[in-house]
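Just so it is clear: chains get the letters A, B, ... in the order the sequence lines come, proteins before strands, and each one is counted from 1.
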Amino acid sequence: MESWEPPVAWLDDLAAAFPRPRDDEPPELRARIVKELRDHLTCAYRRELVLCGDETDAERRVLEKFGDPRRIARKLWFDAMQEKIMSQRWMFACSSALSVACLAMVGFVWHGAQQSAEASRAMIASMQESNRQFVEQGRAFNALVLEKLNQPEHKAAPTALPDATRLKFRVVQGSAEGPPAPGCRVGIHSHMWKGGSSSDAMLYIGETGPDGIVDCGLMNPGPYEYFIFAPGGVYTSQQLYVRVGQPEQVETIACPAFENSRREIAFDVEWPDDLPDAQKNWGLYCEYQPTYVSVAGRIWVPFENKAAGAFGLLTENGFEDRSGRVLILPDGRLMPLPGDLKFRGKGPSDLSSATLPRIERVSSATLPLRGTKYTLRLYGVVPPDSLPPDGKSEFELKVVWFHPGSRNNVDSVEFDLANQEITKVPVKIPSDSLSRLRSAGLFSFSFGILN
Amino acid sequence: MDSRLLTGTVDTLILEIIGSAPTYGYEIVQTVQERSRGYFEITEGSLYPALHRLERQKLLEAFWKEVDGRDRKYYKLTPAGRSALAAKKKEWLKFSAGVNGILGASRGLA
């Protein structure tokens with residue numbers, strides 16, 4: 001009789017009344033709340049049983065007077081944790097406001113660029129530079145995230161509580177009304193990204209099915225960060241809050257359309273009219289790379305090509321390398337160049353051709369590309385005597401830079417694969433580029449192409 | 001009883017009962033009912049949040065004791081709690097004297 005307890009099931013429910021465990025809560029907080037309420041309910045039950053003599057009646061009377069024990073247990077937990085929770089929510093709100101401000105700023109710059117042709121050129125150049133820097137700075141970030149996504153698919157919310165919410169992502173192409181986007185890799189992170197470390201773990205990693213939907217399973221209410229990698233070679237990340245009191249939360253995300261986005265693109269070089277005919281036989285050395293894409297107000301960022309290549313998962317899932325280097329030959333044929341070119345000098349060829357690595361020449365009329373927007377950066381020309389000769393499998397290239405000493409301030413051409421009418425991109429060489437080229441006196445770099 | 005009259009006095013009642021001797025939640029509810037002859041009834045939904053708040057304010061100190069094979073949480077007053085109780089009692093006496101004075105004056109004028 002000494003250890004007697006009322007035979008009521010709701011006493012055992014007390015432990016399940018709390019929200020998901022937090023790292024910053026005192027270790028015995030929950031147990032102490034449960035023990036105190038359990039003792040109270042036991043005392044009340046014994047008293048009522050003595051008064052009425054019937055267990056069912058005693059249970060009913062205790063609950064009528066006490067109310068829902070789980071609600072009180074939850075309130076005691078929230079009261080104890082209130083200061084920490086509010087502090088965290090305040091930080092989350094500040095971070096969200098900052099994100100909105102950043103997006104608004106990007107939108108403002110974009111809008112301004114649309115209004116003025118001159119301004120747009122300068123702004124686009126600026127954005128391209130920002131893009132390049134962003135991609136470079138994000139290399140480590142991408143590598144880390146991709147490494148996490150390379151882990152086997154799993155659902156890591158084993159401690160989901162009864163009030164957890166089933167979280168789903170519905171990814172569509174182009175707009176909310178667009179077709180489903182299968183094959184998107186989705187990762188859920190439990191904390192706001194703070195630069196990351198190898199110890200940070202994804203709570204969930206999965207892939208959208210044919211209907212564009214991925215079920216992340218039960219998630220306890222709170223802030224999370226998600227990453228979505230679309231097969232078009234772009235990714236986005238954002239914070240979300242899993243809300244309380246609903247069985248299911250579906251986030252609809254519109255990604256850049258990638259179906260039917262694989263295109264064969266040719267380039268049509270337009271040399272200045274006043275250029276001597278001999279110089280119109282130059283080759284054109286370019287680098288192409290995808291750019292930011294905005295879909296339904298959300299920015300999608302191309303991920304860095306080396307990171308993509310370094311992780312087999314991406315190529316296996318269609319996340320192929322979408323940037324590269326290409327030599328446009330005088331007859332319009334294209335010669336793709338490998339991405340790991342080693343530049344061999346800073347002035348007129350300082351290496352003998354015998355010391356340069358070699359590669360077999362391959363050319364085609366078109367370049368296979370996939371995705372949406374691209375930038376083609378025009379770096380320099382290749383004189384006729386340096387062009388790959390027909391019938392030989394080995395050669396050396398010399399590139400004369402339009403802008404010696406700078407890889408950032410270069411002329412560029414933008415094109416969008418979403419425009420189905422584009423099959424040949426006009427590449428107009430600015431006259432001032434060639435005037436700089438002449439004044440530079442054919443200052444040249446030499447490089448070999450590695451196998 | 002209009003439960004709004006009890007608002008603001010729950011802390012004082014809890015401190016007063018615990019001031020007599022260390023006690024626990026269920027006993028506090030029973031004591032309030034007995035001493036007020038059933039006039040006051042503190043619900044558990046307001047009692048425990050108040051107890052935990054007073055504990056966080058360092059006006060109460062809790063300790064655990066095993067009773068009937070179960071752990072029971074007892075509360076006792078801290079020195080700060082004793083000072084707070086004295087201040088609250090003094091404030092209540094002033095308040096009730098003021099209310100009584102007004103009600104008495106009204107009755108006299110009637």
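Here NZ of B:K73 is found 14.0 Å from NE2 of A:H40. Values are rounded to the nearest 0.5 Å. Note that the CZ atom of A:R38 and the CZ atom of B:R70 stand 9.0 Å from one another [nearest 0.5 Å]. Rounding to the nearest 0.5 Å places CD of B:E44 at 9.5 Å from CG of A:L37. Between atom CD1 of residue A:I72 and atom CG of residue B:L47 there is a gap of 9.0 Å, rounded to the nearest 0.5 Å. Taking NE2 from B:H52 and NZ from A:K75, the interatomic distance works out to 11.5 Å, rounded to the nearest 0.5 Å.
Closest approach of A:D39 and B:D71 over heavy atoms only: CB-O, 4.0 Å. When every heavy atom of A:C43 is checked against every heavy atom of B:R72, the shortest pair comes out as SG-NH2, 3.1 Å. For B:Y26 against A:R47, the heavy-atom pair with the smallest separation is OH-CD, 2.6 Å.
The neighbour count for B:Q33 CD, taken as heavy atoms of other residues, nucleotides or ligands under 6.0 Å away, is above 12. Within a 6.0 Å radius of NZ in B:K65, no more than 12 heavy atoms belonging to other residues, nucleotides or ligands are found.
Looking at A:K35, both its backbone and its side chain come within 4.5 Å of chain B, counting heavy atoms on both sides. Proximity to chain A (any heavy atom under 4.5 Å) is restricted, for B:R56, to the side chain, taken from C-beta onward. For chain A, no part of B:E55 is nearby; none of its heavy atoms comes within less than 4.5 Å.
Classification of the A:F66-B:Y48 ring pair by plane angle, with boundaries at 30° and 60°, yields tilted.
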